[in-house]
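Notes to accompany the following structure.
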Amino acid sequence: MNVTLPGGRIVRVPAGISAGELLARELPERASSFLAALLDGRPVDLATPLTTDAELAPLTFADRAGRDILEHSAAHLVAKALVATIPEARPTHGPPTEEGFFYDFEVRPLVPADLDAMRAAMDRSIEAREPFVRREISRAEANELFASNPHKLRYIAETPEGETISVYYTGAFVDLCRGPHVPDTGWLAGLHILGFSGLEREAGTDAPALQRVRGVAFPTRAELQAYLKLRAEAEARDHRAIGTKQELFLFLDETPGFPFWLPKGMVLVRELETYVREHLRRAGYAEVRTPLLFPQSVYETSGHWEMYREDMFVSELEGRTFGWKPMNCPGSMLIFRSRARSYRELPLRLAEFAPLHRYEASGTLHGLTRVRELVQDDAHLFLMEEQIDAELAVLLDWIREAFTTFRLEWSYELSTRPARFLGEVATWEKAEATLERALRASGVPYRVAAGEGGFYAPKIDIHVRDSLGRPWQTGTIQLDYQMPQRFGLQYQGADGQLHTPVVVHRTILGTWERFLGVFIEHCAGRFPPWLAPVQVRVLPVTDRHAEAARGLRDELASLGLRAEVASPEESLPKRVRGAELDRIPYTLVLGDREAEQGSVAVRVRGSKENRTMSRAEFSAYALDRVRRREYDP
RNA sequence: GCCACUGUAGCUCAGUCGGCAGAGCGGCUGAUUCGUAAUCAGCAGGUCGGGGGUUCAAGUCCCUCCAGUGGCUCCA
């Protein structure tokens with residue numbers, strides 16, 4: 001029997017040797033890292049006997065498939081431990097995920113003490129290095145083995161006729177599973193339960209509520225420790241903590257989901273707006289402001305009343321019903337419709353940065369990244385069909401420019417027609433194809449999210465991640481054929497006929513709130529100089545220099561820099577420390593030496609060294625960094 | 001909205017078995033006049049998230065409401 005190893009080397013072996021034995025023999029120096037194998041490209045247990053000519057390669061934790069196997073094995077151990085702790089628990093399934101794994105159980109609500117018991121049980125199993133043992137069984141045997149677990153019975157029933165049904169034993173615990181697994185539980189020393197939570201009962205069913213246990217797994221405890229350390233560092237970047245520390249924004253119990261922007265946070269918002277408006281000017285937009293409240297009838301026209309009403313704040317006044325706008329589109333539609341329009345006006349690009357209100361479910365609120373009052377860098381483009389491609393290209397360019405400025409990694413998602421939608425399927429398909437064409441033309445990678453479009457249009461979404469790796473949607477580009485029709489929008493074409501325009505709804509940074517929430521975590525509160533609420537802090541060494549320090553501050557302020565003085569009630573080292581902790585980009589020390597020379601000692605954030613510069617040199621340097629919107633000071 | 005957990009000074013957090021409400025930072029006052037990540041001393045600051053209950057006695061136990069956290073669902 002011939003087995004082809006990685007690199008094309010062929011070895012002749014007796015039939016029946018296990019994949020693990022052969023790999024350990026042929027690749028002894030790396031064998032301790034092998035947790036499973038690829039047999040003809042299919043992941044298998046190391047214990048799998050080789051019976052025919054085949055290609056064989058080892059799998060390690062460094063391989064995506066290997067990682068999945070380790071995580072999935074960890075899920076089995078979690079299930080074993082939970083069933084040992086709560087015997088009436090019914091395991092459902094436990095797949096690997098992007099950042100670890102979970103296992104869902106039908107079980108009473110868990111409490112922290114359950115986790116302690118589970119950890120103890122898992123540690124015993126890991127210590128004992130219990131092997132994962134595969135058995136292939138008949139459908140009848142399987143049905144008998146899992147007779148008390150309706151979930152497993154369902155999986156068995158869903159398994160196509162003719163497919164092998166396998167189970168894995170971990171000690172006395174047995175789970176229905178296709179495999180493969182790591183050889184034994186000794187591999188799971190780096191297993192850590194992150195937490196547990198109840199799952200939403202599937203809507204409209206009387207299915208029992210499930211509990212999810214989430215975890216991560218690494219081949220060694222040291223790797224787990226490294227992961228936990230990174231995670232702790234990420235938690236320290238939490239925008240909610242930084243926002244409190246730097247006095248950027250505030251949330252009060254009385255107003256859940258409604259951020260208060262404090263003076264320093266407001267600087268961030270205004271700088272973002274300025275940045276975005278510069279683009280709007282270049283790209284030919286006009287800015288408008290439309291009402292925050294519209295009567296019900298307008299939302300009936302737009303479709304929001306039918307499709308979005310549950311997420312709206314609604315006010316009853318004098319027997320009429322008003323809704324607080326959750327989106328800017330109705331206002332822009334009404335502007336377009338307010339008079340006869342010519343094709344010569346198109347593309348008509350109307351931007352609006354108005355506060356929007358959305359009644360987000362209480363349990364979904366999350367710092368700045370999920371709020372009930374928000375402002376988008378929003379705009380609506382009224383276009384002729386043949387103008388769409390060019391406009392989309394400009395938008396994708398702007399996205400690249402903006403996210404590059406912030407050094408944020410972003411990804412695209414093309415979201416297609418959802419289950420609840422307005423309009424005709426054919427129109428949707430046309431719009432989806434147009435968006436896909438734009439993405440292809442720009443050469444950026446993207447993912448298709450089937451069925452996740454808005455109710456009125458398919459969209460290209462932009463996603464970024466927070467410090468813990470959780471994805472958040474920021475920008476969105478929606479190609480809408482429905483709303484123009486519903487509002488009866490028309491323009492007169494060159495042919496003298498009336499036509500309905502296409503509307504692109506688009507926001508790029510998304511909302512100031514969410515964008516800043518994510519960006520604060522991205523930069524860990526160390527804002528680029530152009531965004532920093534305080535750009536320069538002047539530290540007079542003693543009282544004698546306070547007057548000069550105030551003069552310098554005023555001089556910098558007159559040049560447009562945000563500067564302040566930290567007067568010498570505290571020691572200089574303490575004020576230097578304070579400036580560093582406040583993440584001030586430039587700290588200027590002014591003492592006798594500097595007073596004599598008309599210079600300043602410049603300390604740049606994050607650098608222990610300081611440079612002496614003339615006042616003019618410093619201001620020219622700082623202003624240049626700010627104007628260029630450099631990322632670092 | 002659903003499940004679990006949490007809520008003590010402006011912030012971060014201690015508070016044992018139900019028995020006098022604490023610390024550090026920050027703030028204020030004073031002293032120090034200081035050269036690149038914490039000078040020293042003193043003082044103020046609390047309806048222990050709100051309401052109800054059990055108890056001789058509740059920050060602590062129970063119920064309930066509110067808010068937050070982690071997930072779920074949803075979404076910019």
Side-chain angles (χ1 to χ4, degrees), chain A residues 102 104 107-115 194-203 209-214 235 238 240-241 244-245 247 250-257 308 310-311 326-327 356 358-372 374-378 415 452 454 459 461-464 468 470-476 478 505-515 517-518 539-546 567-582 587-594 601-604 606-611:
Chain A
F102 64 80
D104 289 346
V107 64
R108 65 160 166 78
L110 298 175
V111 295
D114 297 326
L115 290 195
L194 289 172
F196 57 87
S197 60
L199 301 188
E200 182 83 353
R201 193 182 303 265
E202 215 176 307
L210 301 179
Q211 296 280 314
R212 172 166 298 180
V213 179
R214 292 178 315 115
E235 278 165 13
D238 190 318
R240 293 164 296 191
T244 301
K245 194 176 285 179
E247 296 194 357
L250 182 67
F251 284 97
L252 297 179
D253 279 6
E254 292 89 332
T255 55
Y308 203 79
E310 281 158 25
D311 291 304
M327 302 175 192
L356 305 177
R358 300 182 181 181
Y359 194 83
E360 301 291 350
S362 56
T364 65
L365 301 176
H366 183 93
L368 283 179
T369 48
R370 192 72 184 277
V371 293
R372 286 175 170 165
L374 48 103
V375 180
Q376 296 181 316
D377 61 325
D378 201 7
S415 299
E452 291 185 18
K459 52 186 188 157
D461 289 331
I462 304 166
H463 291 259
V464 295
L468 284 177
R470 291 176 293 212
W472 293 97
Q473 185 187 325
T474 59
T476 179
Q478 312 181 345
H505 310 242
R506 107 291 177 283
T507 150
I508 303 306
L509 302 184
T511 68
W512 306 142
E513 290 78 12
R514 178 174 292 179
F515 184 83
V518 172
L539 312 186
V541 173
T542 74
D543 277 342
R544 295 195 306 282
H545 314 105
S567 51
E569 281 97 38
E570 292 164 326
S571 70
L572 184 65
K574 185 165 183 178
R575 283 176 290 152
V576 168
R577 179 172 191 268
E580 204 64 62
L581 291 176
D582 289 344
T587 301
L588 307 185
V589 173
L590 199 58
D592 287 337
R593 294 205 289 267
E594 290 76 18
V602 181
R603 182 186 168 112
V604 174
S607 159
K608 296 210 185 319
E609 284 154 38
N610 58 86
R611 280 189 285 165

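All values below were derived from every heavy atom in this structure, side-chain atoms included, with hydrogens, water molecules and symmetry-related copies excluded.
Among B:U33, B:A37, B:G35, the nucleotide with an atom closest to any side-chain atom of A:T542 is B:U33. Listed candidates were B:A37, B:G68, B:A76. Nearest to the side chain of A:P256 is B:G68. When the nucleotides B:C5, B:U36, B:A76 are ranked by their closest atom to the side chain of A:V111, B:C5 comes out on top. Nearest to the side chain of A:R514, among B:A4, B:U33, B:A76, sits B:A76. Residue A:A601 places its side chain closer to B:U36 than to any other of B:U33, B:U36, B:A38. Here B:G1 is the nucleotide among B:G71, B:A38, B:G1 with the atom lying nearest to any side-chain atom of A:T364. Ranking B:C3, B:G27, B:U36 by closeness to the A:R603 side chain, first place goes to B:U36. With distances taken from any side-chain atom of A:S571 to the nucleotides B:C34, B:U36, B:C72, the minimum falls on B:C34. Taking every side-chain heavy atom of A:F196 into account, B:A4 is the closest of B:G70, B:A4, B:U33.
We find that A:D592 and A:R544 are joined by a salt bridge, their nearest charged nitrogen and carboxylate oxygen being less than 4.0 Å apart. With respect to the salt-bridge test (charged N to carboxylate O, under 4.0 angstrom), the residues A:D114 and A:R108 qualify. The pair A:R603-A:E580 meets the salt-bridge criterion, since a charged nitrogen lies less than 4.0 angstrom from a carboxylate oxygen.
Note on A:L581: a base of the nucleic acid sits closer than 4.0 angstrom, heavy atoms only. Across all strands shown, A:E580 has heavy atoms under 4.0 Å from base atoms, whether or not it also approaches the sugar-phosphate. Residue A:T474 is classed as a sugar-phosphate contact, given heavy-atom separations below 4.0 Å to backbone atoms only. The residue A:G367 sits close only to the backbone: its heavy atoms come under 4.0 Å of sugar-phosphate atoms, none of a base. Residue-level contact check: A:R593 touches the bases, meaning some heavy atom is under 4.0 Å from a base atom. Within 4.0 Å of A:Q211, counting heavy atoms only, lie sugar-phosphate atoms of the nucleic acid but no base atom.
If you find the closest nucleotide of RNA chain B to A:P573 and to A:H366, the one lying nearer the 5' end belongs to A:P573. With the nearest nucleotide of RNA chain B identified for both A:R212 and A:P568, A:P568 has the one nearer the 5' end.
Separation of the C1' atoms belonging to B:G52 and B:C66 is 14 Å when rounded to the nearest angstrom.
Across every strand in view, B:U6 sits in a pair with B:A67 that passes the Watson-Crick or G-U test at under 3.5 angstrom. When both distances must be under 3.5 Å, the Watson-Crick or G-U wobble mate of B:G1 is B:C72.
A cation-pi contact, defined as under 6.0 Å to the ring centre and within 45° of the axis, is absent between A:R212 and A:F196.
With hydrogens and angles left out, the side chain of A:E594 and the base of B:G35 share a donor-acceptor pair within 3.5 Å.
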Verdict with reasoning, A:V541 to A:L590, per side-chain contact (heavy atoms from CB on, under 4.5 Å) | CA-CA 6 Å; A:V541 173; A:L590 199 58; over 6 Å; no
